[in-house]
Amino acid sequence: MSEKKRETPLLDELEKGPWPSFVKELKKEAARPMVQDLLGQLERSYEEKVGHWKHGGLVGVMGYGGGVIGRYSDLGEEFPACAEFHTMRINQPAGWFYTSTALRTIADIWDRHGSGVTNMHGSTGDIILLGTKTQELEPTFAELTEHGFDLGGSGSDMRTPSACVGPARCEWACYDTLGAVYDFTMQFQDELHRPAFPYKYKLKFAGCPNDCVASVARSDMSFIGTWRDEIQVDQEQVKAYAASGAIDVQKDVCDRCPTRCMSWDGKTLAIDDVNCVKCMHCINAMPRALAPGNDRGAAILIGAKAPIVGGALLSSVFVPFIKMEPPYEEIKELIGRIWDIWSEHGKNRERVGEFIQRIGLGNFLEQIGLDPVPEMIVAPRANPYIFYQDDVFAQPGEEA
Amino acid sequence: MSEKKRETPLLDELEKGPWPSFVKELKKEAARPMVQDLLGQLERSYEEKVGHWKHGGLVGVMGYGGGVIGRYSDLGEEFPACAEFHTMRINQPAGWFYTSTALRTIADIWDRHGSGVTNMHGSTGDIILLGTKTQELEPTFAELTEHGFDLGGSGSDMRTPSACVGPARCEWACYDTLGAVYDFTMQFQDELHRPAFPYKYKLKFAGCPNDCVASVARSDMSFIGTWRDEIQVDQEQVKAYAASGAIDVQKDVCDRCPTRCMSWDGKTLAIDDVNCVKCMHCINAMPRALAPGNDRGAAILIGAKAPIVGGALLSSVFVPFIKMEPPYEEIKELIGRIWDIWSEHGKNRERVGEFIQRIGLGNFLEQIGLDPVPEMIVAPRANPYIFYQDDVFAQPGEEA
Amino acid sequence: MSSAPRKTDIGPPHFEQFLPPVIKKNYGKWKGHEIIKPGVMVHVAASGDKLFTVRAATPRLLSIATLRLFADLADKYSGGHLRFTSRNNVEFLLSDPANVDPLIAELAREGYGVGGIGPAISNIVHTQGWVHCHSAASDASGVVKSVMDELYPYFAGTRTLPGKLRVAFACCLNMCGAVHCSDIAILGVHTHPPKINDKDVPKMCEIPSVVASCPTGAVRPATVDGASSVEVIQEQCMYCGNCFTVCPAMKMADAERDGISIWVGGKVSNARSEPKFSKLAVPFLPNNPPRWPEVVAAVSNLVTVYAAHARKFERMGEWIERIGWPQFFKLTGIPFTKYHIDDFRHAGETFRRSTHVRQSKEAET
Amino acid sequence: MSSAPRKTDIGPPHFEQFLPPVIKKNYGKWKGHEIIKPGVMVHVAASGDKLFTVRAATPRLLSIATLRLFADLADKYSGGHLRFTSRNNVEFLLSDPANVDPLIAELAREGYGVGGIGPAISNIVHTQGWVHCHSAASDASGVVKSVMDELYPYFAGTRTLPGKLRVAFACCLNMCGAVHCSDIAILGVHTHPPKINDKDVPKMCEIPSVVASCPTGAVRPATVDGASSVEVIQEQCMYCGNCFTVCPAMKMADAERDGISIWVGGKVSNARSEPKFSKLAVPFLPNNPPRWPEVVAAVSNLVTVYAAHARKFERMGEWIERIGWPQFFKLTGIPFTKYHIDDFRHAGETFRRSTHVRQSKEAET
Ligand code: SRM
Ligand code: SRM
Ligand code: SRM
Ligand code: SRM
Ligand code: SF4
Ligand code: SF4
Ligand code: SF4
Ligand code: SF4
Ligand code: SF4
Ligand code: SF4
Ligand code: SF4
Ligand code: SF4
């Protein structure tokens, strides 16, 4: 019962050791009955080796369909203070930049309305305010918007987009990831807040192929910065790297280039840029000597997802190269066309990546009006089960 | 009609040109009404761009279920002499070796009983006797067996095994391909002649990883020669290759080794044999200098097939290494176990490769009593949909 | 609270207001960076301006007390500026290098060690576990804490690695986080079919959705005591929990049979090799709270073997592909079992369709 | 014929009786070989003995007149010994090198040119076509003859190649022969759903087998004029012809819509790279007998581009993988279409799941 402090011997073990302790974090807020009971319930889970949360419930703020995950304890009698323990997902500022003031604002709001426990941040990128009651949802929301914050996504909607730190701090950013994520987030507020898709749709923005937001694994649409022209080489700096002994230019750089398109004669690093696949390795290895080219933009990839239902997918190349310039009209129209056909023909709980595999990438491209290009594939089909249409007969011999 | 010579202007075009002409071959036998009509029907196909054979029929020799492909013309009225035009598949001698006498024997038998037209050889390896009537099947068969020949397979049986030339002429043969193919063919005469499987089952024997019988693509069970110890290197000969200029040892050999396990300092070729995957490339490139090791045997692979029904498959590693020594008891027992479980649980027209994928390689191995080894796979599963069984609980921490 | 018209769809605050002046000035004009010491790097702009980043560990689950602490530290050392990373560390953005060491000292005092930059182990991307999710087959925070206590030297830079090593944790097959593409992925697994509460099914679940949710078609409509419910063909169930996601009356959690699997060799960066999925290393380890010793030992073993054998820049998966999986199993001592062989939709793609096999009995790296 | 007890299951004659003495003596003891000139090689045994092989082209479809001719040539030049190869060439096995040239001359006179050894184009593995099969979407022998007339210089050694180039032909998707793993595969294709003869279906076909035969589930049982038959959902049919294989009443052949597709980059050897499937290059070319000029031109183009760009030892598929498929399409001038993108079971495996893309506009090899 929440009035008397419950012993948590198992959890207490996790206060030890060098890594920051989440138990200590919880205990910092343990004066609150809600957290006191949370500790109690969690200790019980540690004893029994099962969770004690019931399957979510439909709670939220007025006019929104997402942004809140309803959660109830199945030990509500025993731990009444956390019997209701909903989370709110708050759309993070692009790149997770804060001022001390902004951070305190969030802390203060959550002090007044919730458990005082957060996740900085959720896996999708949101600020997660962890644990509150249904009656607090509206007031929290009002205070948040008052201070310029809004909810993120949940359910079958566009999810809170996120971006790597990009041009704010990184020399390799091939486009303005923060500008883009803000722009797209603002453009699609309705799609973010009111679930109307077959399933979730995530956007992630990475400034270069290093993909520091894991967009290729975690977003239905990945914008990954890249370039079309030559890598910028400062030969003096290459020599300096070689001289320093920190890098063996032949072994550590040339031999690890995926297309082996570099050569090094001890004096000059030659790059056959036509065969460079912009993997970033040589640039990563010798940041002072090399930099992406000047004709920069992004590759758009589509369809990543976790295993449910048909198996996990990585994103695949959709637009091999596009200039990333506001107001991004072309891209927004493309997204609109994708959402239209997926919403119309997608099955319930079918991510866009699975949808494309089901109907066939070729057909999908045709329907959204994008030309197939060989950059989209690793290799053409090996399987001879081709759905020929009449157009093949129109062009006999055209390839010769 | 077969009495008067029909004009074949389209086919006549194919008598021209440097490559040997199948039309000339047909015309060499055109004195026979059966071939005269075949030419007529074929000319018709060339005019109309469709074949004129009806779907096969059930014909054969007594006591055998396979070895004959029944064939009837759908223009039987017009071309009566080839209205019936069955083929007989005759099991070839291992490695397709003949004496002039043996070849004449076949020619003579087919002169008496068939069209006088053959395929040397069919894609599976048989001698194909192309075109005869039902009534000629038994007499042909009697003459063939009289002279030591027998039928090959067709239908849902073991098909005629075949082998590369192997130790008869090739310095790289890692086991006796001809001895093995003969032995297995004799062992499984019943399975070859009397279809009792869910579908066809092909065996092919290649003496080394060059796989000159395409076993990895064309056989349900591929025996591919390989070795376990070090490549034999004659350093003097390596230097001779380098000196001759015919081979750039670094570029043509070392840089093309799939695991890059070779190095060349201009004098000595060093091979890190532990990382050699026995691909044959370096040996192919410098046959006078290199040779497979002495601890020789074969890898057994399973499951290749053409696209029907579920898609084409290449064989996959089943027994990474086994000594290939007569009487091959262990292998024969293994084959027996495979046939038992596939015959019992395989669906109609399900090749063993598809069967294994359907029931799972792990389960298949368990049922035939073979241990799983990591050589069987490119990589462990990425998909988390694991059918756990009770045995996983028995061994907690065993891997630590 | 306020009676003003309700604000909606305002989106997040614009990031620009949160950027430190040195970033505003040099936005998009950075020239390079260097790692000064564990957890500290400097970025240099074309203008010559410098930005010092101090990266500190967080458990991700943060109290507002800690948020206020971070705000105080930012005020004191970095002009009030800080950010969080895509792996849930906190970064203080300093202009004055003199502030670096005092900040580190104060962070250390508060229990937030500094590190994770460069070829190191950074924070473990993870999920809710028993703290908040109904689906969890294990706790998240507890496993992460236990593993990171062990791996801490690789974070703090007292032990080094050939390349970046990304660890991720997810508490069920929904895999919230890039678990499926991590150097080491720790994944909570159910290993028992759902327990059906036939009374609740008709009330709480749409039967057609439940049937459709099952990847293997194990769920079938059934009539139980005259009411419509579902049944699960036990042999067809691989415990993914997707039926439970759409139907609360099909509980997955099972104290004795829930546990943890370990996956290796995934990555998401395009550096050198293409992004790849993690592959199964250890099929099952028991849930053993509060410190999951079996899991800690298994992860630690993987890191140690990788550290000893991989070449410079080589990620876990790149190293394994170079030496081959048979050698990986040999070096790590992990037994290879039938569970390692894929048997789902693309199973055949994982079979070795060639004779490219390292044959030597005593293969070493 | 004879009234002796019927002999069965005697198997093939033992090969040993057909081996030339030099082979019997040196069986398994060969030390090396050398290509002396196009189509001729010598194998040297540990004993020092030599075996000279002369390889001649055949159309595979051979009259018994030709078999007798080969027998005569063998008697004259190779002690009566000869063999056929796995690609349907004939090889004369000589002990006396003095016989090589006379044999070649006589073969040439008879129309059987010599070649195909080493980095060359050898015979085209092929199938029955209109000569014998009911399934064929094209003739086999005619296409092979037309293509090989064009490629003859690469067989005879007057033009050379970077590596072996294996061409194969199959007249339908059953792919009798290793068509699916050839440097260049020429494949007959139907492009129209089966025409159902409803009268014959009940007589000639087992309806459940027909339904089961269809990889896409396009065949459904149907009742036509009161009798049981089947129907084909036209949009689901990809013309594989498998229903026809089990049901003669579902004809596939269609004069106007049958044709040929071309596939590239497969191989079966383990040399260097692992065996691989051929991939779609040209989706459809018309059947244009007797000489299939479109097919000949397309194949010739592929060979020419490969010969000009590949490196020593590089097979077609290895070359393409090095330069990338976009570059392949550019160099060959073949248009890339939606047909090139796989959409069957493993479709996703062919998508480019990375940013590893050659971005340059004017990419050249
Ligand atoms: C809170 C969060 C985990 C965290 O601790 O950070 C989370 C929590 C849940 N996820 Fe997630 N997912 C979270 C990021 C992800 C990610 C990572 C990402 O977005 O980068 C993924 C993998 C990428 C992807 O989208 O595929 C992810 C893949 C899933 C899936 C599987 C989806 C699939 O297509 O395979 C489910 C199951 C579902 O949707 O039914 C799921 C479902 C859930 C639910 C709603 C549980 C459920 O069955 O309904 C969890 C609620 C937990 C709770 O009690 O709060 N969650 N989920 C993350 C969202 C925080 C945020 O908004 O920032
Ligand atoms: C004669 C031959 C082609 C040739 O010209 O050489 C041949 C001819 C036929 N094959 Fe084949 N196959 C022949 C070797 C092959 C091969 C190659 C091999 O064995 O190395 C394959 C590919 C490898 C494989 O087995 O998968 C092959 C894969 C097929 C298939 C597809 C099987 C699959 O699982 O995908 C079929 C269709 C079927 O079985 O229903 C088929 C079916 C047929 C049938 C019986 C037609 C049918 O639909 O029933 C053909 C009879 C033609 C005729 O009129 O004579 N044939 N068939 C080859 C046998 C000669 C011999 O005995 O030496
Ligand atoms: C701060 C952060 C971006 C952000 O917006 O938050 C970031 C920042 C940098 N990354 Fe990253 N990466 C960040 C997450 C990632 C991720 C995503 C992830 O881990 O989930 C990846 C993909 C990991 C993967 O492949 O699984 C990532 C793959 C890289 C790589 C490629 C490494 C490789 O060899 O594969 C580089 C280049 C390098 O380190 O040489 C890189 C390089 C960098 C540089 C050096 C870029 C720069 O010049 O500023 C930054 C500091 C490096 C460092 O931490 O070692 N960053 N980086 C993220 C820090 C997370 C953390 O707290 O540890
Ligand atoms: C005679 C024959 C075996 C038989 O039992 O009939 C044979 C004989 C030899 N092969 Fe082969 N191969 C024969 C079919 C094959 C096949 C099967 C096929 O083509 O369907 C392959 C696999 C082709 C593929 O990968 O698609 C094959 C892949 C090789 C290779 C690997 C080439 C590569 O780089 O991938 C070598 C090694 C080499 O040539 O360097 C080789 C080497 C050899 C050697 C040099 C072996 C030797 O020392 O005697 C023989 C003469 C070479 C030549 O023809 O250039 N043989 N060889 C076959 C001749 C067919 C023909 O008439 O042309
Ligand atoms: S993804 Fe590229 S641009 Fe973005 S932070 Fe990482 S390295 Fe910099
Ligand atoms: S970016 Fe990658 S592909 Fe391009 S040159 Fe550098 S290492 Fe090679
Ligand atoms: S497979 Fe190997 S052993 Fe057999 S003929 Fe070819 S090269 Fe020689
Ligand atoms: S056989 Fe192949 S893998 Fe082995 S050393 Fe030679 S080239 Fe390398
Ligand atoms: S991984 Fe599973 S259990 Fe963990 S938070 Fe996500 S949905 Fe919940
Ligand atoms: S747990 Fe997964 S496999 Fe098992 S019944 Fe539920 S949905 Fe099907
Ligand atoms: S490929 Fe098709 S048409 Fe040609 S012989 Fe084989 S089954 Fe007949
Ligand atoms: S041709 Fe193939 S896809 Fe079409 S109906 Fe027949 S079996 Fe099905």
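Chain naming here is simple, since letters A, B, ... match the order of the sequence lines and numbering starts at 1 in each.
Only the backbone of C:Thr85 comes within less than 4.5 Å of a heavy atom of chain A; no side-chain atom from C-beta onward does. In this structure, chain A has a heavy atom under 4.5 Å from the side chain of C:His180, while its backbone stays farther away. Residue C:Gln17 touches chain A through its backbone alone, counting heavy-atom pairs closer than 4.5 Å. If you measure heavy-atom distances from C:Leu93 to chain A, the contacts under 4.5 Å come from the side chain alone. Only the side chain of C:Met41 comes within contact range of chain A, judged by heavy atoms closer than 4.5 Å. Proximity to chain A is limited to the side chain of C:Arg345, based on heavy atoms less than 4.5 angstrom apart. Contact annotation for C:Asp254: only backbone heavy atoms (N, CA, C, O) come within less than 4.5 Å of a heavy atom of chain A.
Ion pairing of A:Arg256 with C:Glu318 is absent here, as no side-chain N (NZ or NE/NH1/NH2) approaches a carboxylate O to less than 4.0 Å.
For the residue pair A:Arg349/C:Ser213, the side-chain donor-acceptor check at 3.5 Å is not satisfied. Between the side chains of A:Ser100 and C:Asp75, a donor-acceptor pair is found at a separation under 3.5 Å. A side-chain N or O of C:Asp9 and one of A:His193 form a donor-acceptor pair less than 3.5 Å apart. Between A:Glu25 and C:Thr66, the side chains place a donor N or O and an acceptor N or O closer than 3.5 Å (distance only, hydrogens not considered).
Listed options A:Val216, A:Leu103, A:Ile308, A:Leu10 were ranked by heavy-atom pairs under 4.5 angstrom with chain C; first place goes to A:Ile308. Ranked by heavy-atom pairs under 4.5 Å with chain A, the first of C:Gly241, C:Ala57, C:Ala56 is C:Ala57. Between chain C and the residues A:Gly95, A:Ala107, A:Gly51, the most heavy-atom pairs under 4.5 angstrom are made by A:Ala107. Counting heavy-atom pairs closer than 4.5 Å to chain C, the top-ranked of the candidates A:Met120, A:Lys28, A:Met280 is A:Met120. In terms of heavy-atom pairs under 4.5 angstrom with chain C, the leader among A:Glu29, A:Met186, A:Glu13 is A:Glu29. Comparing A:Glu138, A:Gln92, A:Lys54 by how many heavy-atom pairs each has under 4.5 Å with chain C, the most go to A:Glu138.
Note: C:Phe84 and A:Tyr98 have perpendicular aromatic rings, judged against thresholds of 30 and 60 degrees for the angle between ring planes. Using cut-offs of 30° and 60° for the angle between ring planes, the A:His281 and C:Phe313 rings count as perpendicular.
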Please assess A:Trp96 against C:Phe15 for the test ring pair (Phe, Tyr, Trp, His ring centres under 6.0 Å), listing each intermediate value before the final yes or no.
-> CA-CA 8 Å; A:Trp96 303 288; C:Phe15 59 95; over 10 Å; no
Can you check salt bridge (Lys or Arg N to Asp or Glu O under 4.0 Å) on A:Glu171 and C:Lys29, steps first, answer last?
-> CA-CA 7 Å; A:Glu171 64 269 33; C:Lys29 293 180 204 132; over 6 Å; no
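Expressed to the nearest 0.5 Å, how far OG of C:Ser141 lies from CG of A:Leu11 amounts to 10.0 Å. Of the inter-residue distances, the one linking C:Leu62 atom CG with A:Ile127 atom CD1 reads 12.0 Å to the nearest 0.5 angstrom.
Atom NZ of A:Lys251 has 12 or fewer neighbouring heavy atoms from other residues, nucleotides or ligands inside a 6.0 Å radius.
When all heavy atoms are compared, the tightest approach of A:Leu14 to C:Ser146 is CD2-OG, 3.6 Å.
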